[in-house]
Amino acid sequence: MSLRAFPRLFLRPRQQLRARGSARGYYNTGGARYAGPGGAVHLRVVDLRSDTVTKPGPAMRRAMAEAEVGDDVKGEDPTVNDLQKTAAEMFGMEAALFVPSGTMGNLIAVMAHCRERGDEMIVGDLSHLHVYEQGGSAQLAGVHATTVTTRPDGSFDLKQLESKIRHGYPDPHYPRSRLICVENTHNIQGGRVLPLHFLQDVRALADQHGLALHMDGARVMNAAVAQGVPVAAILQHVHTASVCLSKGLGAPVGSVLAGPQDFISRAVRCRKALGGGMRQAGIIAAAGKLSLQEMVGRLEEDHHNVKTFAQALIDCQPPLFAVDMAAVETNILRFRVEDPTLSPEEFCARMGQVGEGEEAALGQGIQVLMYPHVENSIRAVWHLGISPEDTQLAIQKMQFVASQHLKGKVETQ
Amino acid sequence: MAEAEVGDDVKGEDPTVNDLQKTAAEMFGMEAALFVPSGTMGNLIAVMAHCRDAPLAGVHATTVTTRPDGSFDLKQLESKIRHGYPDPHYPRSRLICVENTHNIQGGRVLPLHFLQDVRALADQHGLALHMDGARVMNAAVAQGVPVAAILQHVHTASVCLSKGLGAPVGSVLAGPQDFISRAVRCRKALGGGMRQAGIIAAAGKLSLQEMVGRLEEDHHNVKTFAQALIDCQPPLFAVDMAAVETNILRFRVEDPTLSPEEFCARMGQVGEGEEAALGQGIQVLMYPHVENSIRAVWHLGISPEDTQLAIQKMQFVASQHLKGKVETQ
């Protein structure tokens with residue numbers, strides 16, 4: 001059978017259950033398997049596009065099926081209330097609010113902190129809030145944003161940050177600074193963990209000037225695990241935070257916005273206005289509760305798998321990839337191809353296809369999905385759907401693509 | 001829900017959500033549909049996606065008077081359409097919104113000829129027509145028509161799965177493909193881009209396929225209770241039976257010494273002597289409503305037996321009130 005005829009499909013990973021060093025079996029591990037005509041396994045998919053693809057495992061499905069529910073708009077859903085209480089306690093905050101997405105969590109925070117026309121917020125130039133949320137803070141909340149330069153570790157230069165704080169108000173030329181937003185872990189910079197002393201310093205600056213400090217903590221649990229601290233030790237430095245349940249923590253839907261009680265009371269109104277007032281949301285909140293209580297510890301495995309792959313990139317001979325191992329801190333990997341004749345787009349395309357001779361060389365076809373990223377880099381994200389075995393497959397594929405590329409170069413010389 | 005196949009819906013990869021959206025579009029006679037967390041978001045997205053060039057604060061709204069049956073006077077509606085644009089004094093009219101069934105007016109069903117007329121007016125002036133169809137399935141059942149027969153008169157509609165149709169969460173926004181493509185962006189910006197939403201879309205699909213026919217029972221239970229209000233002796237309540245069309249009931253207490261608030265409070269409490277008189281305590285929860293009326297809503301959680309209990313309680317409260325009046329005379 002000609003490999004050219006092998007269908008190069010973009011396959012939908014199907015749910016699969018496999019115990020993976022744990023009797024809990026909460027999560028789906030391993031990529032999808034697809035049997036070829038002879039019944040043998042021909043193709044494996046390792047989906048490193050994002051941790052947003054995680055699916056709920058059997059324990060979450062059971063919890064969702066059995067959840068006690070009520071009308072959450074009326075505050076009568078006991079499972080949502082329970083999740084919010086659990087989250088608030090875990091985060092060391094007064095109160096918490098379940099929202100359909102991290103984008104909404106951040107947008108509500110902007111709306112609830114910057115309440116007056118003419119308010120201004122300060123955000124990192126590479127923050128998800130600024131880059132990937134469709135400008136919602138301006139488009140919907142009417143809040144002007146000014147940016148600070150994001151350093152490789154996700155932090156800001158404090159002098160530059162201070163220089164962005166407005167002092168002219170109420171002179172009508174000037175907005176009034178109200179809010180600083182930080183992102184932890186930092187997505188675009190590669191899952192970087194904000195140093196605790198940086199958070200302390202930003203909070204001191206915010207307090208000094210009467211500004212609020214919000215953390216886009218979509219992946220703050222990854223930060224907590226990487227730093228070996230309870231998440232409250234991180235969140236104590238901010239006024240409010242938005243934390244995703246639906247990424248590495250595995251819930252199908254939702255985030256939690258947490259902060260002081262009066263902020264959350266305002267946030268409830270914002271959420272309703274935006275259309276986030278769901279009814280019997282306990283169905284999905286039940287999964288979110290498991291996320292917080294059971295799915296945090298295992299993030300360490302994702303971090304470990306990333307480092308394994310990163311090391312394999314470094315060890316690749318001849319050298320083809322550049323990775324700063326010191327910057328590999330959580331579940332997101334950024335790396336470069338050091339060969340100008342192999343672009344990030346081409347590399348990702350080859351990793352995602354089953355190439356000629358691959359099945360013969362590797363014993364099966366392996367599709368590893370990842371995205372080209374900013375500044376000519378490539379981004380790959382580990383999560384509960386990627387086992388150590390999948391990581392090895394990704395390494396094999398990477399080595400295969402690298403050797404094919406070098407072979408191609410030699411042949412053209 | 002427990003068995004739903006899921007994927008990342010923001011990437012368009014949740015098969016259960018895609019299935020629900022396809023099912024809804026077909027059922028509504030629309031090109032495409034979008035699953036959203038709530039009817040509020042469905043309506044908000046519709047406004048955002050219809051009124052696209054709103055650059056600054058938001059979309060300016062002007063209102064027309066709502067008639068008791070939920071419809072508008074067409075002449076008044078036409079008078080609200082702006083003709084001065086692009087003169088900088090004037091906004092540009094872009095969108096008309098109708099609501100079916102009409103909530104505040106008491107679950108009123110918009111007449112099909114009214115919808116036809118509004119659509120003709122909209123077409124004449126190049127305006128879009130959006131329906132807040134939170135309860136449009138109730139209208140379809142009351143009118144005995146497929147929902148597509150109603151929705152054919154509008155460009156876009158938001159339909160709730162989470163009310164009488166029983167799903168835990170969500171609505172569907174439906175309309176032309178290019179509108180829905182813009183709506184996907186609006187939904188993301190608002191924070192409605194959920195991930196493995198197939199979990200809840202699975203319930204939504206059952207809503208559309210299995211939970212519509214039974215709405216007739218809710219309508220019947222409402223009429224049973226409404227008739228009991230009318231039959232109450234001596235007369236205490238006013239109900240316009242011709243206006244009782246779907247699952248929402250509006251009625252008045254015709255006695256100035258018994259306010260809507262007081263009536264609702266008594267219906268919601270277990271009063272003195274009630275358990276002896278009725279054999280059990282019955283709490284009937286309803287809300288005071290606009291224009292000194294009271295609103296009560298029937299749904300799949302209210303059986304014919306519950307309706308009889310509500311009637312018993314109503315009769316008890318009425319008789320207690322009259323007894324109280326006699327005693328103070």
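The sequence lines fix the lettering, A, B, ..., with proteins before strands; numbering per chain opens at 1.
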- Could you please state which residues from residues 197-209 of chain B sit under 4.5 angstrom from chain A, measuring non-hydrogen atom to non-hydrogen atom, sorted by number, or 'none'? B:A197, B:I199, B:I200
- Message: Would you compute the distance between atom CG of B:L190 and atom CE of A:M104 and round it to the nearest 0.5 angstrom?
- Response: 6.5 Å
- Query: Taking 4.0 angstrom as the limit, do B:E5 and A:K55 come out as a salt bridge?
  - Reply: no
- Message: Strictly distance-based, threshold 3.5 Å: is any side-chain N or O of B:S38 a donor or acceptor partner for the main-chain N or O of A:M278?
- Response: no
- If you round to the nearest 0.5 Å, how far is OG1 of A:T52 from CD of B:Q196? 7.0 Å
- Note on the structure: For B:A189 and A:Q139 the tightest heavy-atom approach is CB-NE2, 4.1 Å
- A:S50, part contacting chain B, at a heavy-atom distance under 4.5 Å: side chain
Return a table of donor-acceptor pairs under 3.5 angstrom between the side chains of residues 294-302 of chain B and protein atoms on other chains or two or more places apart.
from   : atom 1 : to     : atom 2 : distance (Å)
B:R295 : NE     : B:N103 : OD1    : 3.2
B:R295 : NH2    : B:N103 : OD1    : 3.0
B:W298 : NE1    : B:T307 : OG1    : 3.1
B:H299 : ND1    : B:G301 : N      : 3.0

- Is chain B contacted by the side chain of A:V53, its backbone, both, or neither, given a heavy-atom distance below 4.5 Å? both
- Query: Sub-3.5 Å donor-acceptor pair from the side chain of B:R195 to the main-chain atoms of A:S246, do we have one?
  - Reply: no
- Check: B:R185 main-chain N/O paired with A:Q134 side-chain donor or acceptor under 3.5 Å: yes
- Task: May I ask you to test the A:R49-B:K11 pair for a side-chain heavy-atom distance under 4.5 Å?
- Result: yes
